[in-house]
Structures are given as C-alpha cells and as structure tokens.
Amino acid sequence: MTSSLIRGRPRRATAHIRMRVAHAVLGALAGAGWLVLPVMTVDAHDPVPTASASAVASAAAPEQEGTSAADLVMPLVAGVAAVALAGYGYVRRTRRARTRTTPGTVPAPPSVPIPADSERQARAALRLADDCVRTSREELSFVRERFGDKRIEPFAQALRAAETELSAAFAIWRQYEGGVPEEPSARRQALVGVIGRCAEAGRRLDAEAPALDRARGFDVDGESLRGAVGPEADGDERVAAEGGVGAGQEGAGAEISGTPEGAEGGIRAALVVAEGRFRELTGRVVTAQRTLAALHESYAPTATGCVTGYVEQAKDRLVFATARLNEARQAADAGDSLRAARRLRAGEGAVAQAGVLVGGVERLSAQLREAAGLVPTVLTGAEEEVAALRDGSGGTSLTAGELHARLAHADGVLAAVRAELGGGAYDPLDALRRITGALERLEGAGTGVPDTAALLVARSSVAGAEEFVGVHRGAVDAEARARLAEAVRELGAGNAGRAGAVAGEARELAERDVRAHGIPYAGAEGDTAGLAGAVLGGILLAEDPDGGPPAAFGGPRTRSRHHAFSRHHA
C-alpha cells in the first residue's frame, strides 16, 4: 500500500515534460534523416533529372563524382544539436526534481538510514525504553511506600503512559519480525513507528523526573536535575533519546512537589524506607532458601529449574545493597548529598531486585501447590473428554483420520501423567501443561477446569520470564523482551495457551543472551561485593570498575542524572 504521505506528480507538470521529450525525439530523428539521405543517394545513377549532353558540355563547372564532405556537414550539425538539446533537457529535469519544493516524488535524503541501520536502532530503542520503564517502576515503588498512592499519582500516570507506548512499540516490532508489512517503504515506516513510540515513552518519564527528585528531596541546587544522555549511552541509545524532552522540562508532578525537608532530610527519609525493606528481605531470603530445599524434596528437578540460583542471586543483591546503603548514610552524615543520592538509588535498585528473586521462589512454591491440587481433577476430566470424542458424543471439526491420530496422542499423554501421579515426585505444572496441550489439539475439548489449569500454567510461565528478564536486563536483548511483551498481551486477552508458549520462547532467548553476555568483572581484583550482579541487573549503567551511575526514574535523558559530579564525589 502506498503511503498517504507520498504525492504523485501534478498532471500539468507531467504533460509538460512529455512535450519536451517529444521535441527532443523529433529533433534526433530529423538529424538522423539528414545523415542517412546522402548515403542513400550516393550509388544512384540518376539521383536527379539529367540534362542533355550538350547542356552538360557547356556547363561552367565540371561534374563531380561521389559525395563531397560539404554534403555531410549540415546533417551532422543538426544531429549533434538534437542530441545536445535532449541531454540538456534530461540534466535540467533531473536537477529540478532534486531541488524542487512542490509536491512530487522526492528522493530520500542521504541521512535516512538504510534498513539494517533502522533495525539496529529500533532494537536499541526498544531495549533502552524497556530499561527505563523497569527502572522507573522500581524507584516508584519506594516513593509509593513513603508518600502513598495519592501523592505519586502524576508519576504513576506518566509510568502507565510510558508502558502503553512501549507495549505498542513492541507490538509493531513483533509484526515487523513476522514480515508484516511486506512493502519496503511500509516496513521502513514501521521501524520509524517503533523508534517514535519508544521516544515518546522516554519523554513521558523524562518530563516527570525533575519533579520526582524534588518530591524526594534529591534536588541539590538543581544539579541532580541536569540530566542528559549519559556517557554510557552508545550511538543507538542517543538516537532513541532524541525524541525526548529537555532534562529540565517540568511535568505534572511539579505541582505536588511542595517544599521538601531539604536534601539531607529527604535522603534520610528515603533511607529509612530502603533499610526497612532490606531488613524484611533479609528474613525472607532465609525462608526462601528453606522453601526451595523443601520443593526439591517434594517435586521433580524440572519443577524448580526456573528459579535455580535465585536465592544466591538475592543474597548477592543484598550484599551490594548493604554496601551502597551504608555509603549513602555516611555521605548524608557528611553533607555530601549528591553522593548520598547516587548510593541510595543504587541500593534501592538492588533491594528491589532481591525482592523479585525472593518473590519468584515464593510464587513458584504457591503455584506448585495449586497445580498439584488440580492435576488429579484435570486428568480425570481430560480422560472423560477423550472418551466422549472417541464414541462420537463430543463435537469436533477434525476428520476421522486426524481425530484418531490426536486421540492416540492424548491417550499417551494422559497415561504418562497418570503413571507419574503414582510414581512419586513429579512436576505438577508441567503435567498440567501437557494435559491442556493435548486437549487443545482435539479442537473442542477443554472447558471448565482444564481452562483454569491452562491459565495457571500461562501465569507461571509469564511471571517466570518477567522475573528473569527484570533481574538480568543488563544482558537481555530486544527479541526476548518483545516476546515477553507479546506473552503479557496474550495473557491479558485470555489466550492462555499462546501466552504460555510465547513466554517460554522469551525465557529461552533471555537465558541465551545471558550466557552469551557472561558475568562482568566476576572475581576481578578490588571488585566491590555484588558489583557484577548489579551491572548484569541493570542497576548500574556501565561496566567499569566503579559500575557507572545508577539507573533512576526517567527516560533516556534523565535516567543517569545522579551521575552529576559523580567522579568528583566518588
């Protein structure tokens, strides 16, 4: 489909150009005729009516045989002139087409990136915007705990708007990955749409970041609000950030900032919130470790594979948080508010991710118990539905041959699950996944309790992928994030089977990215405890010995605003 932004050449201009072309062609033909005419008559015996012999004898000039050079001069000149005029007209039309400002087919400027560059920039924009949304959500949870829902509503509204824009960007990207649209110009416009949506998501967050700093008491002579694309951003991130607003622009949240108790008071109050959540998580980590050990004893190894290493990673994040929160309090006591704000934000990020990791173990434990309670009922119901389809009392659109093959497959799946139930430890979520999958293949089977089981499986898969991407986002690329966003959309639309399958793809891609990325600075000399995990989790924005600035609420232009004077204060 041709874009509505592209206009055709005006009819009058087209006719004018056709007339010029016709004139040039006629001139060329006339010149060719003059050139050919002498050649056609050179060998003729009587090219013109002959006179009598006496008249010839009395002529003043003797007869010349053949064709002289003078006979070819005028035709040659005419031909060259025609060709020159045609070339001049072509050059003039080309030059006017390149410089015209009237509607027409205008060639793309040289600055427009080639498709490969556009795809790379779109991926970078998606990843950057997703990081900004996740970081903003983390910090806002601490602000909500301190101020309550009513006061943070402008910031929450900005976050919701950013999430909506990001979801739309991911949806466009997934269609693009699937080959939709097909026309090159439309595909280019789709990539522009992805980058634009991501830029708008960042703009929404950037607009509220200064007001959030003031509300928290982090505004120190305005310096912490002088955000910009941090030095850690590469060229693609800078392209993605170009759609944002200036760092100093005030948003709706400026109306609620009030007059905070000062930088030191705001940081001390924020430290109370962060340290309180830290102490709570310290106890939950111990409980989660015991819970995980119990799950290993009760279920098959595959049941707990999705949270393998979560307890250790949570402890690592808490070790990092301990160091950063202590440094923040020391800096606040010394009156170094900028350093205190920077250390506090890094500590908050580590505490938030420790909570995600511990919560993942707690979530899985609850879902395994629920699944284990559902398996016997779902299995019995599935066996009854298979029997109904076999004797013809169940409705299906399958042919007899297809139905027979799929019934045989379902029989095998259900028999295997029945054997696992009587054989000791098994994976209840995987059992439900196989049962519901077998019923889906029968087209018509699977209502009531099986649908409840499918929803439980899908929620578990989506939550597991969300947790993994969130705490490893420093290494996870756009493809895994896009599939996770699609799984969330499918789950919201009630497509449990599709949501679970896409969430599984997202988790696999994310794990692949983490394996390829590796662990930065693990075991390096002088490495701060937990630094590698903080960089891998996107808590810190640069892979250098100091870890770079902490990520904060905001878009591309303000998320590293606490980096101001960091080297001076480090």
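This one's a predicted model, so the numbers in the text were calculated from it and none came from an experiment. The analysis underlying the following values was restricted to heavy atoms, covering all of them including side chains, and did not include hydrogens, waters or symmetry mates.
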Donor-acceptor contact present, side-chain Ser136 to main-chain Val133, <3.5 Å: no
Distance (rounded to the nearest 0.5 Å) between Phe553 CZ and Ile152 CD1: 9.0 Å
Smallest separation among heavy atoms of Ala482 and Trp173, with atom names: CB-CD1, 3.7 Å
Ser167 backbone acceptor or donor facing Arg197 side chain under 3.5 Å: no
Backbone of Asn326 reached by a side-chain donor or acceptor of Arg329 within 3.5 Å: no
Residue pair Val471 / Val356: nearest heavy atoms and the distance that separates them: CG1-CG1, 3.8 Å
Heavy-atom closest contact (Ala162 atom, Leu205 atom, distance): CB-CG, 3.8 Å
Side-chain donor or acceptor of Asp206 paired with backbone N/O of Gly555 under 3.5 Å: yes
Arg160, CZ atom: more than 12 neighbouring heavy atoms under 6.0 Å: yes
Test: Arg345 and Glu348 ion pair at under 4.0 Å: yes
Test item: Thr558 side-chain N/O and Gly554 main-chain N/O as donor-acceptor pair under 3.5 Å: no
Arg127 with Asp477: basic N within carboxylate O range, under 4.0 Å: yes
Lys/Arg cation over aromatic Phe142: Arg277, 6.0 Å, 45° cone: yes
Leu191 CG to Arg123 CZ distance, which is reported to the nearest 0.5 Å: 9.0 Å
His296 atom NE2: more than 12 heavy-atom contacts under 6.0 Å: yes
Distance in Å, Ile539 CD1 paired with Thr135 OG1, rounded so as to fall on 0.5 Å steps: 9.0 Å
Carboxylate-amine/guanidinium proximity below 4.0 Å for Arg406 and Asp411: no
Salt bridge flag under 4.0 Å for residues Arg324 and Glu275: no
Criterion side-chain hydrogen bond (donor to acceptor under 3.5 Å, both in side chains) on Arg369 and Ser365, from CA distance to verdict: CA-CA 6 Å; Arg369 287 196 303 270; Ser365 177; 2.9 Å; yes
From CG (Leu212) to CG (Leu159), nearest 0.5 Å: 11.0 Å
From CG (Leu364) to OH (Tyr299), nearest 0.5 Å: 9.0 Å
Arg459, CZ: over 12 other non-hydrogen atoms inside 6.0 angstrom: no
Arg203 and Glu200 ion-paired at < 4.0 Å: yes
Distance-minimising heavy-atom pair for Ala346 and Phe320: O-CE2, 3.9 Å
Geometric cation-pi criterion, Arg187 with Tyr176: 6.0 Å, 45°: yes
Asn495 side chain vs Arg498 backbone, donor-acceptor pair below 3.5 Å: no
Between CG on residue Leu295 and CD on residue Glu297, distance to nearest 0.5 Å: 9.5 Å
Side chain to side chain, Val457 and Gln367, heavy atoms closer than 4.5 Å: no
Donor-acceptor under 3.5 Å (Ser460 side chain, Leu456 main chain): no
Taking every non-hydrogen atom, the tightest pair across Ala465 and Leu484: CB-CD1, 3.9 Å
Any donor-acceptor N/O pair, Arg317 side chain to Ala350 backbone, under 3.5 Å: no
Residue from Arg363, Arg507, Arg483, Arg134 passing salt bridge (charged side-chain N to carboxylate O under 4.0 Å, His left out) with Glu466: Arg134
Short side-chain donor-acceptor distance under 3.5 Å, His472 and Gln313: yes
Minimum heavy-atom distance Leu536-Gly518, with the two atoms named: CD1-O, 4.1 Å
